[in-house]
Amino acid sequence: MIPRIAVEQRVVPSGGRRSAILACSILVGLLAGSLPILLSGSNPWDVYREIVSSTLGSVRSFHETLRATTPLILTALAAAVAFRMRLYTIGAEGQLYIGAIAASGAALAMGEGHSGIYVVPLTLLAGAAGGALWALVIAVPRAYYGTDEVVGTLMLNFIALHIMNWLIFGSVSYWRDRQNLGFPGGKLIPESARLHQFWGRADIGIFVAVVTAVALWLYLRWSPRGFEWRVIGDSDRAAAYAGMNVRRQVIVGLALSGALAGAAGATQIASVTYALEPRAIEAGGLGFTGIVVAAVAGLNPRVIVPAAFVIAGITTSGPSLSQIGVSPATIIALEGVLLLCVAGGQFFHHFTLRRAPAAPAPDPTPAR
């Protein structure tokens with residue numbers, strides 16, 4: 001007789017259980033990720049060893065991983081804020097583009113001759129403001145008219161990308177370097193607007209991202225608005241019945257999500273490209289990768305920091321892996337397997353499987 005399995009919802013999900021399930025899901029994901037690596041003709045042990053070596057094997061590689069971690073933390077936080085309210089926005093990519101446009105424009109407008117103590121924060125704030133305003137384009141109709149945020153933010157991503165490309169490749173705009181007679185490029189921002197580097201190529205952007213993650217965790221955990229957002233995520237009808245202004249919180253939540261993604265775009269300008277370079281900014285796919293990081297971290301801002309470092313290590317190890325015959329498609333498949341395993345593990349955080357009692361055998365005696 002085949003045993004019957006019943007699915008039961010956990011009354012009070014445990015935080016310790018979530019961490020254990022997350023660790024097991026990542027381990028299972030790495031084991032399952034060995035399959036696409038084997039199918040590509042590579043040795044999983046060599047691939048994972050090369051990932052660790054290219055991430056931590058030298059000071060330079062560690063610095064590069066830290067620089068790649070910074071925007072991933074911010075875009076993952078952007079996804080976590082929205083997803084906690086069950087607002088499944090995928091607009092971090094477009095908000096990052098608009099943030100990069102706003103940050104580079106602000107830095108160019110301030111020009112030389114100012115202290116970096118003022119210019120860097122203003123540059124980052126300009127990027128955050130640009131991302132927040134772009135998010136409001138869909139936040140307001142979503143709050144008042146129930147517009148689908150998935151479709152809306154996806155469309156806005158393409159619009160933002162075309163705006164960024166047009167500013168450099170399709171016009172003689174303020175952002176374009178008019179003295180460059182070769183391939184069109186962005187105008188370099190002043191030195192004072194660039195993130196200060198320490199210990200080689202690492203810069204203070206990683207500290208900005210980590211502090212933002214901790215502050216957001218405290219805000220969501222202990223503030224009244226964080227409590228309201230958790231209630232709205234569980235049931236917006238219950239939140240409205242309790243007297244919460246659901247529309248306002250939806251707008252604020254999506255705007256904060258956009259601000260975090262816009263700040264990620266600002267860090268790209270102030271730390272990596274030093275100009276509005278559409279090809280370099282677009283190539284990373286940071287907005288979409290941030291969703292993967294947020295999912296791997298279980299939407300927990302504290303866990304997002306190490307999760308972003310791990311995903312950044314896998315991403316930045318691409319050139320080293322290509323030298324041993326691993327294609328970029330295999331790396332994408334590995335990230336996808338990790339995401340699926342973590343998403344599946346979240347099921348066991350909220351539910352448990354129990355063996356149900358066997359159904360009684362039917363009475364063979366015919367009814368009279």
Side-chain angles (χ1 to χ4, degrees), residues 16-76 79-80 199-202 206 209-210 213 272 283-349 353:
R17 184 183 293 110
R18 175 191 287 272
S19 300
I21 291 174
L22 179 60
C24 292
S25 299
I26 294 176
L27 179 60
V28 172
L30 292 175
L31 293 175
S34 301
L35 179 59
I37 295 175
L38 288 171
L39 292 176
S40 67
S42 301
N43 187 329
W45 173 252
D46 293 337
V47 171
Y48 290 140
R49 184 176 56 185
E50 183 63 32
I51 290 175
V52 174
S53 176
S54 61
T55 303
L56 305 173
S58 65
V59 174
R60 180 181 177 85
S61 61
F62 182 67
H63 291 172
E64 293 298 330
T65 305
L66 286 180
R67 294 178 70 184
T69 302
T70 299
L72 284 183
I73 292 176
L74 295 172
T75 53
W199 192 27
R201 290 175 58 84
I206 186 64
V210 171
V272 180
L286 297 171
F288 298 117
T289 308
I291 297 176
V292 176
V293 175
V296 169
L299 306 183
N300 188 332
R302 293 184 302 173
V303 186
I304 279 176
V305 175
F309 183 80
V310 172
I311 298 299
I314 295 175
T315 303
T316 56
S317 62
S320 299
L321 292 175
S322 63
Q323 295 179 1
I324 62 174
V326 181
S327 65
T330 304
I331 301 302
I332 295 176
L334 175 60
E335 293 179 354
V337 170
L338 277 173
L339 175 61
L340 289 175
C341 290
V342 171
Q346 294 303 309
F347 170 85
F348 294 98
H349 175 65
L353 300 179

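Side-chain atoms are counted along with the backbone in the values below, which use heavy atoms only and exclude waters and symmetry mates.
- Of all heavy-atom pairs spanning Ala294 and Ala76, the tightest one is CB-O, 3.5 Å.
- Taking CG of Leu74 as the reference point, atom OG1 of Thr69 lies at 11.0 Å (rounded to 0.5 Å).
- Leu66 contributes atom CG, which lies 7.0 Å from atom OG1 of Thr70 (distance to the nearest 0.5 angstrom).
- Ile314 contributes atom CD1, which lies 11.0 Å from atom OG1 of Thr289 (distance to the nearest 0.5 angstrom).
- Sorted by first and then second residue, the pairs that involve residues 20-47 and meet side-chain hydrogen bond (donor to acceptor under 3.5 Å, both in side chains), not counting sequence neighbours, are Asp46-Arg49.
- Considering all non-hydrogen atoms of both residues, Val337 and Ala32 come closest at CG1-CB, 3.6 Å.
- Nearest approach of Ser53 to Ser61, heavy atoms of both residues: O-OG, 4.1 Å.
- The line from OG1 of Thr316 to CD1 of Ile331 is 10.5 Å long, rounded to the nearest 0.5 Å.
- The one candidate from Ile206, Asn300, Ile73 that meets the side chain to side chain contact (heavy atoms under 4.5 Å, CB included) condition with Val305 is Ile73.
- Taking each heavy atom of Ser317 and Ile51 in turn, the nearest pair found is OG-CG1, 3.6 Å.
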| request: Please report the C-alpha distance between Phe309 and Leu72 in whole Å, then the side-chain angles of each, then the deciding distance to 0.1 Å, and finally whether the side chain to side chain contact (heavy atoms under 4.5 Å, CB included) criterion is met. | output: CA-CA 8 Å; Phe309 183 80; Leu72 284 183; over 6 Å; no
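- Distance CD1/Ile291 to CG/Leu299: 11.0 Å, rounded to 0.5 Å.
- Contact check for Leu334 versus Tyr48: side-chain heavy atoms found under the 4.5 Å cut-off.
- Residues Ile304 and Ala80 share a closest heavy-atom pair of CD1-CB, 3.9 Å.
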